[in-house]
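To start, the structure itself, in structure tokens.
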Number of protein chains: 2
Amino acid sequence: MGEKKQYKSEAFAAVHETMDALHQIGAIDKKTMRSFDKACLETLTGIKPEAIRKLRKRENVSQPIFATYLNVSRNLVSDWERGVKKPGGPALRLLSVVQKHGLDALA
Amino acid sequence: MGEKKQYKSEAFAAVHETMDALHQIGAIDKKTMRSFDKACLETLTGIKPEAIRKLRKRENVSQPIFATYLNVSRNLVSDWERGVKKPGGPALRLLSVVQKHGLDALA
DNA sequence: TAATATATCACACTATATGTTATAGTTCAA
DNA sequence: TTGAACTATAACATATAGTGTGATATATTA
């Protein structure tokens with residue numbers, strides 16, 4: 001039903017558009033559509049402390065500024081980069097988005 | 001130093017570009033630049049349970065799919081929408097991004 | 001001198017994960 | 001039409017660890 005998903009690549013997104021069109025004209029059923037969607041969803045892996053620091057420096061911002069973007073405390077970013085604490089769940093998704101599209105994607 | 005920030009509006013972003021250019025040619029110093037940046041950073045407010053549900057329905061996805069996008073558990077989305085639990089920090093930022101740019105922004 | 005960035009620590013909180021059960025709607029085949 | 005299988009959602013309990021707050025200290029920078 002035109003559900004928006006998250007894909008492993010733009011290629012997957014393109015394929016999904018085709019699948020979606022096929023579904024809308026009745027060529028494929030809902031169940032097939034659902035299982036297809038699930039297969040296309042991306043799985044998130046962890047990120048290493050140094051990778052976080054590199055990412056932040058790539059974006060050329062300080063820890064406080066970086067923290068404000070992600071809506072977390074400044075100390076947390078410091079802890080992440082030193083491996084004291086590890087980002088998970090929503091924070092991991094945010095970092096992934098920044099990796100792919102930059103901090104501007106959060107604006 | 002061309003730092004990338006998060007702005008309250010596109011107008012702010014435009015103004016920042018100008019400020020950035022002025023800084024690069026030495027018209028303004030680093031300190032002024034920093035304080036300007038801080039003033040432009042957006043403050044995140046909470047989001048009501050119904051707003052989360054509306055947002056998800058606007059994106060036309062189920063709770064499990066929505067959860068996968070945000071990289072949270074399926075039950076958590078249910079709890080958010082019923083007001084049992086409230087998203088904060090990184091999760092709030094993610095929801096804000098989806099509100100402004102849609103789920104595709106997380107792809 | 002003053003402001004900023006970063007590191008570091010202690011403490012408390014709650015957001016989140018995980019697992020389970022139940023109900024209802026949908027799909028598909030017998 | 002019936003029923004089995006799958007999906008979505010709600011609901012609850014438990015445990016974890018991610019996160020926030022506040023403070024201090026050092027080094028850098030305006």
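Lettering follows sequence order; numbering is per chain, from 1.
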Passes side chain to side chain contact (heavy atoms under 4.5 Å, CB included), B/Trp80 versus B/Leu70? Steps please.
-> CA-CA 13 Å; B/Trp80 281 347; B/Leu70 306 181; 3.6 Å; yes
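When rounded to the nearest whole Å, the span between CG of B/Asp79 and P of D/dA10 equals 9 Å. Atom NZ of A/Lys86 is separated from atom P of C/dA17 by 14 Å (rounded to the nearest Å). To the nearest angstrom, P of C/dT16 lies 14 Å from CG of A/Leu92. As a whole-Å value, the separation of B/Arg93 CZ from D/dG18 P is 21 Å. In this structure, A/Leu70 atom CG and D/dG20 atom P are separated by 10 Å, rounded to whole Å. Taking atom CD1 of A/Ile65 as the reference point, atom C1' of C/dT6 lies 14 Å away to the nearest angstrom. To the nearest angstrom, C1' of C/dT8 lies 18 Å from CH2 of A/Trp80. A/Glu81 has its CD atom 11 Å from the P atom of C/dT8, to the nearest Å.
With contacts defined as side-chain heavy-atom distances shorter than 4.5 Å, the pair A/Gln63/A/Arg53 qualifies. You'll find the side chain of A/Ile47 reaches within 4.5 Å of the side chain of A/Pro87, heavy atoms only.
Minimum atom distance to the side chain of B/Arg56 is reached by D/dT9, of the listed D/dT9, C/dT16, D/dG20. If you check D/dT9, D/dG22, C/dA7 against the side chain of A/Arg82, the one that comes closest is C/dA7.
For the OP1/OP2 pair of D/dA8 and a distance below 4.0 Å, the side-chain nitrogens and oxygens of B/Ser62 include at least one atom meeting the criterion. Contact check, B/Arg74 against D/dA11: no side-chain N or O comes under 4.0 Å of OP1 or OP2. Between B/Ser78 and D/dA10 there is a side-chain polar atom (N or O) within less than 4.0 angstrom of OP1 or OP2.
Two residues, B/Ala91 and A/Gln63, neighbour DNA chain C, and the one matched to the more 5' nucleotide by heavy-atom proximity is A/Gln63. Between B/Lys85 and B/Pro90, the residue whose closest nucleotide on DNA chain D is further toward the 5' end is B/Lys85.
Closest non-hydrogen pair, A/Leu55 versus A/Leu95, comes out as CD2-O, 3.7 Å.
Side-chain heavy atoms closer than 4.5 Å link hydrophobic residues (I, L, V, M, F, W, Y) into clusters, and following such links, even through other members, never connects B/Val84 to B/Val77.
Judged by distance alone with a 3.5 Å cut-off, a donor-acceptor contact links the side chain of B/Asn75 to the base of C/dG19.
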